[in-house]
2 protein chains.
Amino acid sequence: MTKRQARGQARMEQILAAAAEAFAESGYEAVSTNTIAARAGISPGSLYQFFANKDDIARALAERYAAQLAELRSAAFDGADLAALPLDQLIGAITAPLVQFNLANRGFKALFARPDLPPSLTTAVAPLHAALLGRVSALLSVRAPGVAPDVVERTATVAIQLVRAMMPLIVAADGAERAALEGELRAVLHGYLEPVIG
Amino acid sequence: MTKRQARGQARMEQILAAAAEAFAESGYEAVSTNTIAARAGISPGSLYQFFANKDDIARALAERYAAQLAELRSAAFDGADLAALPLDQLIGAITAPLVQFNLANRGFKALFARPDLPPSLTTAVAPLHAALLGRVSALLSVRAPGVAPDVVERTATVAIQLVRAMMPLIVAADGAERAALEGELRAVLHGYLEPVIG
DNA sequence: GGAGAATACGAGCGAGTGCTCGTATTTGTC
DNA sequence: GACAAATACGAGCACTCGCTCGTATTCTCC
C-alpha cells in the first residue's frame, strides 16, 4: 500500500484522461497500454506504478464516470418534485444533462454502450450498471407505485437500453441533426413510458 | 481465381459456421483465426485457402446473413398489403421473424449489434446496414407518403437502432422473460412509430 | 494413369501485446 | 543533509496474434 503524493495523483488523472481519449477513438481492445502511456507522456513502467493492469484502468475510469453521473443527478434533481413533473419535462430534465455528459466524456460509451464487453471489463462496469438500474427503478416506482417490482425492473432496463442505443447516434451527429436526434430520443422514451407512468 | 470444388464449398460453410459460433460466444476481436480453424476441424493454413484474412471471413458471414434476411423478408411479406395492415400487426409481422432469425443465428449480433466496430469490419457490414436502412425507409415511405425523405431516413435509422438495442436482451433471456421482452420491443416500436405512421 | 489444379497440413514468421524489473531520480520528513 | 519512500524510466520478457510457405495429398479431366 503506497502513499500517493500530489504528483502521483496528478499522474493518475493524466493516465485516465489519456485512456478515455484513446478508448473513445478506437475502443477498449484496440488501445494498448503502451499507447496510453505514450499519450499520457510517461513510460510504460510508470503506468504500472499506478494501475495494476489494463482492466484496472477501465475500472478506475468507470468509477470516475459513476461519481460524475451521481453529481449530475444531484444537480439536476435538486428541488424538483419528480413525482409531480409532467412526463415531457421529466424526460427532458434527464436526457439533456445525459447528452451533455456524453458529449463531454466521449470515452464513456466505449465502456458503457457496448453490448458485448470482454469478461474482465464486465466486472469493471457492473457497479455502474447496477447504480443506474437502481436509480431508474426507484424513479419509476415513485411515478407508478402500483406496478410490480419485476415489471419496474424490466421497464427500467429497457429504458436504459434505449438511451444507450440512441446516445452514439446523438454524439456522432452535430448541429441540427443532433438536435433532431435528441428529439427522437425524447419521443422514444415518451412513447414507451407514457402507458406505464402517464 | 481458383475454381472451387464441392469439397471446398463444404469447407467454406464449415469455416463460416465455426466462425459464427465463436463470434457469438466471445465477440469478433477475441476470436483468433487459429481458433476458428480448430473449431472447423482444419489447419490454419487450410483456412487461408478459402479466405484472404480474418476480415474476409466476417465479410462473407455478413453477406450470408444479408441473403438470409432477404429471404426472410420475402417469406414474411408475400401477399400481405403492408400499406393497409394495422400498425400492431405490421410490427408483429416484422419483429417475430427477426427474433427467430437472431435466435437461430447468434453470431449475427457480434457483427451487427455493436456500436463501435473496428474500422475494417465497418466496411464488411456496411452493405448489410445499407440494405436494411433502404428496406425500412421504403416501408415507412409507403405508410407515410407525405413525410420528407430526410425525416424518413432518420426515423428508419432510429427504428433499426431500437431493434438492435433490444435484440441482445431478448436473445439473452428465455421463457416468459423473453416473451415479455419481445412485448416490450413491440411496445417501444409502437410508441415511437404511432405518431408518424398511425 | 498421368498431369495439373485444388485442397490440406502445421511449424513457425514477424509484429505487437500486456507487463516486469533493475536502476535512476525526485520528494517528503527528520 | 540524510534516508526512505514514491516516482520515473525503457529495454525487453513471455506470449498471442494473423498469417505464410514448403510440402504432401486428393480431386478433376483427358
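Under the 4.5 Å side-chain contact rule for hydrophobic residues, A:L103 and A:F108 share a cluster. Residues B:V151 and B:L133 share a single hydrophobic cluster, defined by chaining ILVMFWY side chains whose heavy atoms lie under 4.5 Å apart. Hydrophobic clustering (ILVMFWY, side-chain heavy atoms < 4.5 Å, transitive): A:V142 and A:L189 are in distinct clusters.
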Mark up nucleotides 25-30 of chain C, 5' to 3', with B wherever a protein heavy atom is under 4.0 angstrom from a base atom, S wherever such an atom reaches only the sugar-phosphate, and - elsewhere. --S---

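Under 4.0 Å is where a charged nitrogen must lie from a carboxylate oxygen, and between A:E184 and B:R154 no such pair does. Under a 4.0 Å N-O distance rule, the pair B:R178/B:E182 does not qualify as a salt bridge.
Closest to the side chain of A:N53, from the set D:dG18, C:dA8, C:dC19, is C:dC19. Counting only heavy atoms from C-beta on, B:F50 has its side chain closest to C:dT7 among C:dA6, C:dT7, D:dT20. Distance from the side chain of B:Q49 is smallest for C:dA8 among the nucleotides C:dA8, C:dT20, D:dG18.
Contacts between residues 8-33 of chain A and DNA chain C, counted as heavy-atom distances below 4.0 Å, involve A:V31, A:S32, A:T33.
Donor-acceptor pairing under 3.5 Å is recorded for the side chains of A:D55 and A:Y28.
As a whole-Å value, the separation of B:I42 CD1 from D:dT25 C1' is 16 Å. To the nearest angstrom, C1' of D:dC17 lies 13 Å from CG of B:D55. As rounded to whole Å, 13 Å separates atom C1' of D:dT7 from atom CG of A:L47. Between the CZ atom of B:R4 and the C1' atom of D:dT26 there is a distance of 16 Å, rounded to whole Å.
In terms of phosphate contacts, A:Y48 brings no side-chain nitrogen or oxygen within less than 4.0 Å of OP1 or OP2 of C:dT20. One finds no side-chain N or O of B:S43 lying less than 4.0 angstrom from the OP1 or OP2 phosphate oxygen of C:dA8. For B:K54, a side-chain nitrogen or oxygen approaches OP1 or OP2 of D:dG18 to under 4.0 Å.
Sorted by first then second residue, the ring-ring contact (aromatic ring centres under 6.0 Å, His included) pairs that include residues 128-149 of chain A, not counting sequence neighbours, are A:F112-A:H129.
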Please evaluate residues A:D116 and B:K109 with respect to the criterion side-chain contact (heavy atoms from CB on, under 4.5 Å), reporting the C-alpha separation (whole Å), side-chain torsions for both, the decisive distance (0.1 Å), and the verdict. CA-CA 9 Å; A:D116 63 336; B:K109 72 173 206 308; 5.5 Å; no

Worked check of side-chain contact (heavy atoms from CB on, under 4.5 Å) between A:V196 and A:V152: CA-CA 9 Å; A:V196 185; A:V152 167; over 6 Å; no

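Evaluation of atom-type donor-acceptor distances gives no pair under 3.5 Å for the side chain of B:N34 against the base of D:dC17.
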